[in-house]
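Here's the structure, in structure tokens; my notes come after.
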Amino acid sequence: MTSATATDSTAFDITDWLGEWESFEHYIDSGDATIQQTWEADEQAVLANPKTALMAARGIKTFWSMACSTTMCANEGTAEDRCAIIRALHHLQ
């Protein structure tokens with residue numbers, strides 16, 4: 001994969017990530033009937049595909065709970081600055 005250029009639509013722009021966000025955990029833990037139905041349908045789709053079924057072996061919400069967490073860019077420049085790690089990983093792509 002080649003690195004993105006400034007004119008490339010996939011180029012990383014930190015301003016795209018600034019502002020108000022709703023955490024993904026909100027959707028994992030939601031009691032909303034529509035969201036629950038979506039999780040159930042997604043889990044069945046994942047379980048039906050042999051290439052992805054292992055992901056949902058303990059439930060698709062369990063998988064995403066372990067795989068994702070919302071972080072804040074607090075303590076910039078310290079070991080706790082998770083955003084620095086994210087920026088570094090992005091540049092490795």
Donor-acceptor contacts under 3.5 Å from residues 39-51 side chains, at least two apart:
| from | atom 1 | to | atom 2 | distance (Å) |
| --- | --- | --- | --- | --- |
| Trp39 | NE1 | Tyr27 | O | 2.8 |
| Glu43 | OE1 | Ile60 | N | 2.9 |
| Asn49 | OD1 | Lys51 | N | 2.8 |

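Applying the side-chain hydrogen bond (donor to acceptor under 3.5 Å, both in side chains) rule to Thr15 yields the partners Asp13; only residues at least two apart in sequence or on another chain are considered.
Note that CD1 of Ile35 is 11.0 Å distant from CD1 of Ile28, once rounded to the nearest 0.5 Å.
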